[in-house]
Number of protein chains: 2
Amino acid sequence: MKQAKSNGRSERRDAAENRQRILDVAFTLFELQGVEDVSMNQIAAEAQIGSGTLYRRYHNKSELCMDLIKDSKELLFEDIEVYQEENAARPPAERLRGLLALFIKFKEKNAQLLAGIENSFSSGAQSRTESPLYIELHELVVRLFEEMAAQNGDPQPDSVFRTDMLLTALSSNSYLFQKNMRGLSPESILEQLCQTFI
Amino acid sequence: MKQAKSNGRSERRDAAENRQRILDVAFTLFELQGVEDVSMNQIAAEAQIGSGTLYRRYHNKSELCMDLIKDSKELLFEDIEVYQEENAARPPAERLRGLLALFIKFKEKNAQLLAGIENSFSSGAQSRTESPLYIELHELVVRLFEEMAAQNGDPQPDSVFRTDMLLTALSSNSYLFQKNMRGLSPESILEQLCQTFI
DNA sequence: ATATTAAACGGAGAACTCTCCACTTGTCAA
DNA sequence: TTGACAAGTGGAGAGTTCTCCGTTTAATAT
């Protein structure tokens, strides 16, 4: 994990220790009290560092959550890739459904952190749509939509737009609303999404 | 405007004056600095009231924005009603498109306040989907979708879900993303929405 | 008029996010 | 080894949102 900075010197040892401590503390605290109810201050205090140090590494809680979820995210994309390869023969619509199913499973497993990511984007800054998770997923989905459009000679419904809508529908806000207010199960959400967008 | 409270005494005169002052100050300040950059404190100070008094009337900036937008909202619904009546003969898909066009015009005219409403929902509290604007719009759109479903005997795509998706696509987040990042004009957004959801 | 009282008031202060910057400390080159 | 210095640190403090609660006051009943 050394040479973290792509240019210049490698990360200082004490800095690396602090980073690890932050991650550990955050993980534990999130587990214990829920992401929403843990403040950056609390994390800093518990990790025995100044809040400035914490903010130096993570500009906001979002970024911290992203770092915490990185491994799961990589697993997700591996799963997706395997699935896509194993089902390369099947029609793209079906492969898209498979991808969505995997993503929904991922959402269920990381609901808290994902909600934390979306709710804690600091004011004027970036949004959900600029996170690597969004961008990478977007790419994959667009490709599938374009494959679908190529098969039937339809007057190309803009794949990028359609993908944005589909992923917006899977944002924590929208997804949790469907679960909690409309009472839909993950399975029926998947079903409805396919019916609406595919 | 007296007897505002449905039960009990009428609103106190000084309270009414304060309310008006708050609204005036907020309107001016929002105009001057942008909704995002005006704090509740600032409004209270400028209106010469304690912040407690401000919060007593509006639990958060969202509610204040909602009060400020009330008149425009009513105009919107009048416009929609007129349009629906004048075009009652046309197919529901077309009427839905008309409704969306009116709503988008409304969004353009009230972009700042609407964004303020969606961004300032205080933490655990209610969301976009519980505002009267959402609920009323939802009702109208569901009706249109159901009319559409009734005409062709399709295996009823759930109108409620479809409406939620459509309105989510028109939330400030999603809408502004399409405008600013994807570079779509209001017209092309309307076009794409129809292609995707109708 | 006067008393009563629910409503309205205001501002201190708790809890938070995030910035700033003077200070400290690993690291690397000499 | 040592010294320069970029990197890292910490905590005060500015600016927010929102709550709490003792005080004031307008509207009503008497």
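Just so it is clear: chains get the letters A, B, ... in the order the sequence lines come, proteins before strands, and each one is counted from 1. Values in this document were obtained by computation on a predicted structure and should not be read as measured data.
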**Request:** For E17(A) and dT25(C), give me the distance from atom CD to atom C1', rounded to whole Å.
**Result:** 13 Å
**Prompt:** Rounding to a whole Å, what distance do you find between L64(A):CG and dC18(C):P?
**Reply:** 12 Å
**Message:** By the 4.0 Å heavy-atom rule, please label D14(B) as base, sugar-phosphate, or nothing.
**Reply:** sugar-phosphate
**Rounded distance in Å - CZ (R19(A)) to P (dT9(D))** = 10 Å
**Prompt:** Rounding to a whole Å, what distance do you find between R21(B):CZ and dC9(C):P?
**Reply:** 9 Å
**Asked** Rounded to whole angstrom units, what separation is found between the CG atom of N41(B) and the C1' atom of dA14(C)?
**Response** 14 Å
**Request:** Nearest whole angstrom, please: distance from the P of dC28(C) to the CZ of R13(A).
**Result:** 11 Å
**Prompt:** What is the distance from CG of L54(A) to P of dC16(C), rounded to the nearest Å?
**Reply:** 14 Å
**Ring centroid separation F197(B) to F197(A) under 6.0 Å** = yes
For residues 45-58 of chain B, run the donor-acceptor check on the side chains, cut-off 3.5 Å, and write out each pair with its distance to 0.1 Å, sequence neighbours left out.
residue, atom, partner, partner atom, Å
R57(B), NH1, E11(B), OE2, 3.4
R57(B), NH2, A15(B), O, 3.1
Y58(B), OH, D67(B), OD2, 2.4

**Item:** For H138(B), all residues meeting side-chain hydrogen bond (donor to acceptor under 3.5 Å, both in side chains), sequence neighbours excluded
**Value:** R182(A), D164(B)
**Request:** With sequence neighbours left out, write down each residue that passes side-chain contact (heavy atoms from CB on, under 4.5 Å) with E191(A), or none if nothing qualifies.
**Result:** R97(A), Q195(A)
**Prompt:** Sequence neighbours excluded, which residues qualify as side-chain contact (heavy atoms from CB on, under 4.5 Å) partners of P186(B)?
**Reply:** I104(B), E108(B), Y175(B)
**Prompt:** For the pair made of CD1 in I43(B) and C1' in dT16(D), what is the distance, rounded to whole Å?
**Reply:** 12 Å
What N/O pairs connect the protein and nucleotides 19-23 of chain C at under 3.5 Å? Give each pair on its own line.
none

**Request:** Please confirm whether any donor atom in the side chain of R12(B) sits under 3.5 Å from an acceptor in the base of dA7(C), or the reverse.
**Result:** yes
**Item:** Residues forming a side-chain hydrogen bond (donor to acceptor under 3.5 Å, both in side chains) with D14(A), sequence neighbours excluded
**Value:** R12(A)
